[in-house]
Amino acid sequence: MNNKILIKLSVGIGRNLAEAEEALKIAKTNKNKHKKFNIEIYNGPRLKYTNIIPSEIINAYLRLEKKLSNSPKELLDLEILKKDPKTKLLNKLGYYIELQKLELKKKYNKRNRFIILFDADSMHLLNKKYGYETVDRYLEAIGKALSENIRYSKDRNEKDLLKIKDLLNNRKNDAAGDEFIIDLSCNKKYLKQIAERYITNCYEYQKKLK
């Protein structure tokens, strides 16, 4: 075991991605202040965020998925379009497809939803010092830590209280750094505690790499 945390994380939290990004900017300016967890929660005026993936693309995928429901091999091939090849997590398209499914099933309560945006610090310097192959292994460990410890929350609007999984996706192709997003439902007062737990898992998984 190398017991090494190579990639530190800064975190921004908001009611949508725009707000989480603003909080992340503040967190990034504080990343060298030697805090155990570098987390900021957005508290400014409400910001709007518009999904840049056209709804017709999402709906076309859902129609195709329905047509292939009796063809497991074809469905598996279709799933590839939703995943990031490096971390095997949902990519942006996959996230919005799964989000649409929850909304269609009325299992997505926007009033209690928050976005936790995790960003890997100093990626340029890490790649230069350790090489892309090594850094990629640590990014994969972070993705694994998040996916294997994802929460299940209860939507109180559902009569049968079906458990709803937090939505996790990887946004690395849409920004200069590697970012992970968790869309979750919870009481605002628990946000920081939940984010700290996720970060702790990410660091523990990195320590286990050989």
Side-chain angles (χ1 to χ4, degrees), residues 5-31 33-44 46-47 49 84 87-92 94-96 98-99 101-103 105 107-121 138-158 161-172 174-175 177-208:
I5 300 173
L6 188 69
I7 300 176
K8 289 293 188 71
L9 297 168
S10 292
V11 176
I13 304 175
R15 287 199 172 271
N16 58 37
L17 190 53
E19 293 183 3
E21 287 172 338
E22 285 300 310
L24 180 63
K25 289 177 185 177
I26 298 172
K28 284 291 189 180
T29 64
N30 296 330
K31 70 178 181 180
K33 293 187 177 180
H34 307 292
K35 296 187 295 183
K36 184 177 180 180
F37 298 110
N38 189 19
I39 301 168
E40 293 290 339
I41 300 176
Y42 182 79
N43 288 310
R46 192 67 185 264
L47 299 178
Y49 177 77
D84 168 63
T87 60
K88 310 304 179 187
L89 303 180
L90 291 175
N91 55 26
K92 181 189 282 187
Y95 163 68
Y96 281 109
E98 294 305 312
L99 180 61
K101 288 180 179 179
L102 286 179
E103 290 179 341
K105 294 177 181 178
K107 293 182 181 178
Y108 188 85
N109 184 352
K110 292 182 179 180
R111 290 178 299 175
N112 297 323
R113 303 298 293 197
F114 292 92
I115 298 293
I116 303 181
L117 176 57
F118 302 82
D119 186 74
D121 292 333
Y138 280 81
L139 284 173
E140 289 169 8
I142 291 173
K144 186 177 181 181
L146 293 173
S147 62
E148 290 186 354
N149 293 280
I150 203 73
R151 298 181 330 132
Y152 283 82
S153 56
K154 289 184 176 180
D155 186 338
R156 296 183 183 278
N157 288 334
E158 288 294 312
L161 294 179
L162 290 174
K163 288 187 177 181
I164 299 175
K165 197 175 183 180
D166 289 349
L167 287 174
L168 166 66
N169 73 104
N170 178 250
R171 205 178 67 141
K172 73 180 184 64
D174 301 321
D178 285 74
E179 299 176 336
F180 302 85
I181 298 170
I182 291 179
D183 181 330
L184 76 163
S185 175
C186 75
N187 187 306
K188 187 176 181 179
K189 68 181 180 180
Y190 299 121
L191 280 169
K192 196 168 185 180
Q193 178 183 336
I194 292 169
E196 288 178 355
R197 188 160 63 243
Y198 276 128
I199 294 172
T200 298
N201 286 323
C202 290
Y203 291 167
E204 289 302 315
Y205 275 54
Q206 288 185 63
K207 290 179 182 180
K208 294 175 183 177

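- Evaluated for a side chain to side chain contact (heavy atoms under 4.5 Å, CB included) with Ile194, the options Leu184, Asn187, Ile199 yield exactly one hit, Leu184.
- Residues that satisfy the side-chain hydrogen bond (donor to acceptor under 3.5 Å, both in side chains) test with Tyr42, not counting sequence neighbours, are absent from this structure.
- Here the shortest heavy-atom pairing between Arg151 and Cys186 reads NH2-CB, 4.1 Å.
- Applying the salt bridge (Lys or Arg N to Asp or Glu O under 4.0 Å) test to Lys101 and every residue at least two apart in sequence or in another chain returns Glu65, Glu98.
- Note that CD of Glu196 is 4.5 Å distant from CD1 of Ile39, once rounded to the nearest 0.5 Å.
- The number of heavy atoms from other shown groups lying within 6.0 Å of OH (Tyr190) does not exceed 12.
- With rounding to the nearest 0.5 Å, the separation of CG in Leu17 from OH in Tyr95 is 7.5 Å.
- A donor and an acceptor atom, one from each side chain of Asn170 and Glu179, are nowhere located under 3.5 Å apart.
- Listed by chain and residue number, Lys207 satisfy the salt bridge (Lys or Arg N to Asp or Glu O under 4.0 Å) test with Glu204 (two or more places apart in sequence, or in another chain).
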Derivation of the side chain to side chain contact (heavy atoms under 4.5 Å, CB included) call for Ile142 and Leu9: CA-CA 10 Å; Ile142 291 173; Leu9 297 168; 4.2 Å; yes
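- Remark: Gln193 pairs with no residue by the side-chain hydrogen bond (donor to acceptor under 3.5 Å, both in side chains) rule, at least two apart or across chains.
- Residues in residues 181-193 take part in these salt bridge (charged side-chain N to carboxylate O under 4.0 Å, His left out) pairs, two or more places apart or across chains: Arg113-Asp183.
- In this structure, Leu90 CG and Phe180 CZ are separated by 12.5 Å, a value rounded to the nearest 0.5 Å.
- For the salt bridge (charged side-chain N to carboxylate O under 4.0 Å, His left out) condition, the pairs that include at least one residue of residues 6-28, sequence neighbours left out, are Glu19-Arg46, Glu21-Arg171, Glu22-Lys25, Lys28-Asp119, Lys28-Asp121.
- Closest non-hydrogen pair, Ala18 versus Leu47, comes out as O-CD1, 3.9 Å.
- Listed here is the closest heavy atom pair of Asn38 and Ser10: ND2-OG, 2.9 Å.
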List the atom pairs, with distances to 0.1 Å, where a side-chain N or O of residues 143-150 and a protein N or O form a donor-acceptor pair under 3.5 Å, not counting sequence neighbours.
unit_1: Ser147; atom_1: OG; unit_2: Gly143; atom_2: O; d: 3.1
unit_1: Ser147; atom_1: OG; unit_2: Lys144; atom_2: O; d: 3.1
unit_1: Glu148; atom_1: OE1; unit_2: Tyr205; atom_2: OH; d: 2.8
unit_1: Asn149; atom_1: ND2; unit_2: Ala145; atom_2: O; d: 2.8
unit_1: Asn149; atom_1: ND2; unit_2: Tyr205; atom_2: OH; d: 3.4

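- Once rounded to the nearest 0.5 Å, the distance linking CD1 of Ile182 with CD1 of Ile115 reads 10.0 Å.
- How far CG of Leu191 is from CD1 of Ile41: 5.0 Å, rounded to the nearest 0.5 Å.
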Determine, stepwise, if the pair Thr200 / Phe37 fulfils side chain to side chain contact (heavy atoms under 4.5 Å, CB included). CA-CA 9 Å; Thr200 298; Phe37 298 110; 3.4 Å; yes
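- Tyr203 is linked by a side-chain hydrogen bond (donor to acceptor under 3.5 Å, both in side chains) to nothing, counting only residues two or more places apart in sequence or in another chain.
- The distance from atom CD1 of Ile181 to atom CG of Leu89, rounded to the nearest 0.5 Å, is 11.0 Å.
- If you check the side chains of Tyr198 and Asp166, you find a donor sitting under 3.5 Å from an acceptor.
- The two residues Val11 and Ala195 make their nearest non-hydrogen contact at CG1-CB, 4.5 Å.
- Here the side chains of Leu99 and Leu167 are in contact, with some heavy-atom distance below 4.5 Å.
- Judged purely by atom type and a 3.5 angstrom limit, Gln206 has no side-chain atom pairing as donor or acceptor with the backbone of Ala141.
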